[in-house]
Amino acid sequence: MAANILHTFIILVAIVSCSHGVDVVRNKNFRLPSTINPERYHLKIITHLENPKNFTFEGQVEIVFKVSADTDNITLHANNLNINETSIQLKSSNIDGFQICLKDVKKVEENDFFILMLCQTLLKGINYELRLDFSGNLSDTLFGYYRSSYQNVDTNETKWLSVTKFEPAHARSAFPCLDEPNYKANFTIWLGHHKALKALSNMPLEKQVPMENIPDFVWSIFEESPPMSTYLVAYTINDFDYKESKSETTNVLMRTWTRSNCIEEASYAAEMVAKVLNFYESLLGPFPLKKLDQIAIPDFYKGGMENWGLVTYRHTALLYNPNSTIGWNKYDTARLISHEVAHQWFGDLVTMKWWNDLWLNEGFATYIAIWGVQHLHPEFEAHQIDPLLSLVSTFERDAKLDSHPLSAEILNVTAIRNHFDSISYRKGSSILRMVHMLMGHEPFFEAVRDYLTKYKFRNADQRDLWSVFNEVGHRHKRLDFSYDMNTIMDTWTTQTGFPLIKVKRNMDTGCLEITQQRFLESSTALNEDGKKCWWVPLSFTTSSEINFNATDPRVWLECDETENVLPLELCNVTEPHEWIILNVQFSGIYRIMYDPISWQLIGEALKSKKFQEIHILNRGQIINDALALAWCGYQQYDIALDIMEYLHQEREYLPWSLVFRSLPDITSMMEPFPQHYHLFRKFMRYIIAPVYHHLGGLNNSDSFDIPRPFQSRLKYRAIQWACRVHLDDCIQSAISYFKQWKSSQTPDDGNEINIMPPNLRETIYCTSIRHGFKDDWLFLWQRFKQSQDHALLEALACSISEDMINEYLSLIFDPENQMTNHSRMHAFKAVAESEIGSHLARKYFIENFEELCKVYDVGRLVTALVARIYSREEQRQLNDVIDAMKIQCKKMVTLLPTAMDTINFNIQWIEANLEIIKIHLSRSLPKLGIPVND
């Protein structure tokens with residue numbers, strides 16, 4: 001009786017409320033309406049991999065949801081699915097058997113909306129059950145529910161598998177759902193598949209039962225999951241084997257899956273995942289699931305995907321063979337596994353509310369991974385290497401006017417995908433490291449654990465995070481009670497860019513005047529954007545009280561209530577003859593421009609025998625800041641070159657890695673000017689020869705197995721640049737290796753060069769061609785024709801003979817040569833970027849651009865060509881043909897503005913710096929005992 005009365009009441013309310021339904025069809029917002037909240041999904045998927053001509057799946061989804069606001073429609077996401085509209089069922093969970101009337105189905109394809117228009121109103125607070133039947137094709141892209149394959153090495157048979165990649169918004173292409181991260185729900189997943197194959201999903205397998213209506217098919221039924229977002233749902237059908245991980249500290253089942261012939265290469269990944277999971281449990285709290293699988297997929301969009309309990313990886317990224325890979329590949333694998341396992345807490349257990357705060361996932365996973373790798377592999381020195389790479393990557397991207405805030409508004413699904421960039425990953429990690437440095441180790445991780453506990457199985461945004469840090473910071477007195485973390489951190493996360501801190505000594509008062517502005521890749525681009533203000537934690541140390549462990553802020557550079565910069569004056573912190581270094585251990589996300597006297601004092605300290613008293617991270621920071629400030633026009637190159645002199649005694653990878661990052665740009669600018677480049681090359685030989693010989697040089701091919709892997713990388717890079725700047729030992733060693741290869745009776749069957757790491761092979765090839773003869777060039781061309789090795793294509797462009805380069809250009813585009821278009825583009829680009837070939841490539845392009853435009857992606861060609869235009873005359877020559885190109889080669893039009901910007905930058909750089917560098921080197925080289933005129 002009571003049920004009938006309630007039934008009648010619901011119908012009456014529905015009649016009265018129909019006119020208040022939300023017209024979702026006319027709603028241009030691409031976000032789902034917030035009228036229902038899913039609580040449970042029961043998902044059944046049957047996958048067909050038996051017939052390559054019929055890769056399909058069909059399924060059924062039951063969604064239990066609660067209504068949060070009265071509504072007469074339900075909006076779901078569905079994309080490229082065939083939904084059986086006649087079988088849709090909707091009923092109230094509160095009234096047994098009460099069916100809801102379906103009036104119509106509408107679709108808004110641009111938003112992937114599938115809208116059920118109801119003839120009754122769903123009431124707030126009531127639970128309902130929706131059932132839909134659907135089918136689709138396994139995708140041939142790397143998104144959604146897609147197919148992949150590999151060749152069985154024993155039978156040469158193609159073996160097929162299926163796998164999901166739902167991040168950020170592709171679950172909707174596998175089953176109808178509310179495909180936004182804030183709609184968390186429990187999932188029970190049934191996978192139907194052939195009994196000869198295996199099924200994996202997020203949760204442990206509960207049982208497997210035969211399928212009644214399809215012969216030889218079974219249902220693999222998985223346990224119900226905790227609440228999770230749709231983009232983290234994962235399942236795969238495959239014939240893989242696994243290697244189980246053993247752990248004494250956790251009962252979590254851990255398996256690493258791959259095809260059977262690669263199972264031994266999964267050993268390191270299986271070992272690593274167990275160790276890093278154990279470490280994270282001690283650092284972050286218990287892992288919330290019963291099992292953690294990781295699987296190597298032949299075709300995968302990126303390195304890895306953090307699906308909860310089933311992490312998917314690109315095959316080559318997960319597997320590691322110590323006999324065939326170089327040392328730092330192990331670092332890459334360790335870092336990737338540490339990153340994806342960290343996501344099991346950051347992103348999976350606690351998920352951002354919306355993709356504007358993607359950095360809460362990716363920044364945390366990137367930063368926590370540093371601690372995972374450092375704990376398990378201290379020899380990689382990840383605690384220094386990775387933060388530095390994150391900072392420099394942040395600087396390079398965030399100095400551009402077209403960068404974006406860390407927490408940025410997202411207006412469509414495409415913008416979500418664009419958000420997966422170095423800002424979310426690297427800047428996000430750097431932000432967290434900065435907070436870690438100012439909070440201290442224990443308070444930082446106490447706040448992290450509080451955050452994970454408070455929001456577990458839920459969603460959070462950055463204000464939720466900073467509120468937790470605010471509380472812990474005040475509790476531990478790491479943050480002044482008058483300061484608020486939300487106010488401070490908003491300046492770092494909601495505005496684009498990062499600050500340049502200017503330090504000026506007042507020689508009359510002895511005080512330091514400190515100001516800030518936005519750092520941009522061109523100092524001439526400053527406008528209102530440059531007046532942004534950040535709350536900057538300033539740490540510093542001086543020569544009289546050297547302490548590079550004190551990373552907490554000594555003082556803050558603040559903003560006022562209207563977000564204007566408050567200038568800062570520091571007095572009595574250093575004597576006029578003492579150096580002061582700000583940003584201890586490169587803990588803050590800012591560059592520093594000192595006054596000339598301060599730069600001079602720092603340079604003298606670095607060039608002294610006590611240079612190692614300055615922390616290695618600060619040595620890297622100082623040289624990176626000096627080079628960046630000169631490159632971008634904030635100060636002249638005499639300061640940077642003076643600082644670089646200290647590298648003559650530097651033997652560590654980290655500072656050198658930042659120099660190597662800058663050298664290609666400077667070198668390419670100077671190469672076309674022989675008198676200037678001659679001096680610069682002498683200077684480079686002076687600073688690089690000691691580290692080259694210290695690490696064994698090129699003539700000692702047995703010395704590449706160095707216990708500290710990144711010192712091996714330093715050796716490779718030192719060899720590359722030693723040969724490039726004509727260090728005699730390097731040149732003669734390279735030529736010797738090449739001659740041995742050339743004299744072989746079977747040069748295509750292998751040689752001593754081929755067993756070296758790829759970048760060393762490229763150095764030997766290029767050096768031998770640059771300093772060799774025509775028969776050397778022809779020998780290498782024949783080797784390319786046999787191997788199609790692109791490293792040889794690049795080396796062939798190293799010739800300094802214009803006749804050989806012209807012949808090479810003819811060969812590149814000769815249809816008689818069996819080269820792919822990709823290879824032709826690669827070769828042309830190598831010529832255009834070479835020491836001699838840039839003007840020859842430009843001439844060839846101008847004379848043949850009509851034919852080139854018909855066949856090739858001229859964008860890549862033009863980008864390579866304009867990178868080496870350095871004069872107004874060369875610019876005018878190019879301008880003469882631009883109009884014709886725009887008419888006959890439409891692909892050119894969108895490239896021209898960027899191309900012109902590049903040319904203008906080059907010309908301005910040459911005009912501003914070339915003579916200054918020449919004058920400085922002419923004065924400094926004799927002081928270093930290097931003759932200028934030999």
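The basis for the numbers below is simple: all heavy atoms, side chains too, and nothing from hydrogens, waters or symmetry mates.
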Salt bridge (charged side-chain N to carboxylate O under 4.0 Å, His left out) between Arg426 and Glu362: does it pass, once the steps are laid out?
CA-CA 8 Å; Arg426 292 295 193 174; Glu362 299 301 348; over 6 Å; no
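In this structure, Gln612 has no side chain to side chain donor-acceptor pair (under 3.5 Å) partners at least two apart in sequence or on a different chain. By the salt bridge (charged side-chain N to carboxylate O under 4.0 Å, His left out) test, Glu762 is found to be paired with no residue, residues two or more places apart in sequence or in another chain being considered. In terms of the salt bridge (charged side-chain N to carboxylate O under 4.0 Å, His left out) criterion, Arg713 has no residue partners (sequence neighbours excluded). By the salt bridge (charged side-chain N to carboxylate O under 4.0 Å, His left out) test, Arg923 pairs with no residue at all, sequence neighbours left out. Applying the side chain to side chain contact (heavy atoms under 4.5 Å, CB included) rule to Glu671 yields the partners Thr667, Tyr677, Arg724, Glu835, Arg868; only residues at least two apart in sequence or on another chain are considered. Partners of Gln635 under the side chain to side chain donor-acceptor pair (under 3.5 Å) rule, at least two apart in sequence or in another chain, are Trp599. Lys607 meets the salt bridge (charged side-chain N to carboxylate O under 4.0 Å, His left out) test with Asp642, Glu645; sequence neighbours excluded. Shown here are the side chain to side chain donor-acceptor pair (under 3.5 Å) partners of Gln711, two or more places apart in sequence or in another chain: there are none. Residues forming a side chain to side chain contact (heavy atoms under 4.5 Å, CB included) with Leu679 (at least two apart in sequence, or on another chain): Lys918, Leu921, Ser922, Leu925, Val932. Here Asn547 pairs with Thr541, Asn549, Ala550 under the side chain to side chain contact (heavy atoms under 4.5 Å, CB included) rule; sequence neighbours left out. Asp728 pairs by the side chain to side chain contact (heavy atoms under 4.5 Å, CB included) definition with Gln732, not counting sequence neighbours.
Between Arg397 and Asp402 there is a salt bridge, since a side-chain N of the basic residue sits under 4.0 Å from a carboxylate O of the acidic one.
Counted by atom type alone, Asp421 and His404 present one or more donor-acceptor pairs between their side chains at under 3.5 Å. A donor atom on one side chain and an acceptor atom on the other are not found under 3.5 Å apart for Tyr716 and Gln720. Side-chain atoms of Arg591 and Asn624 form a donor-acceptor pair, as typed in the model, at a separation below 3.5 Å.
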For residues 370-385, which side-chain N or O atoms pair as donor and acceptor with protein atoms under 3.5 Å away, sequence neighbours left out?
residue	atom	partner	partner atom	Å
Trp371	NE1	Tyr367	OH	3.4
Gln374	OE1	Ala382	N	3.1
Gln374	OE1	His383	N	3.2
Gln374	OE1	His383	ND1	2.9
Gln374	NE2	His383	ND1	3.4
His377	ND1	Glu379	OE2	2.9
His377	NE2	Tyr268	OH	2.7
Glu381	OE1	Arg708	NE	3.3
Glu381	OE2	Arg708	NH2	2.9

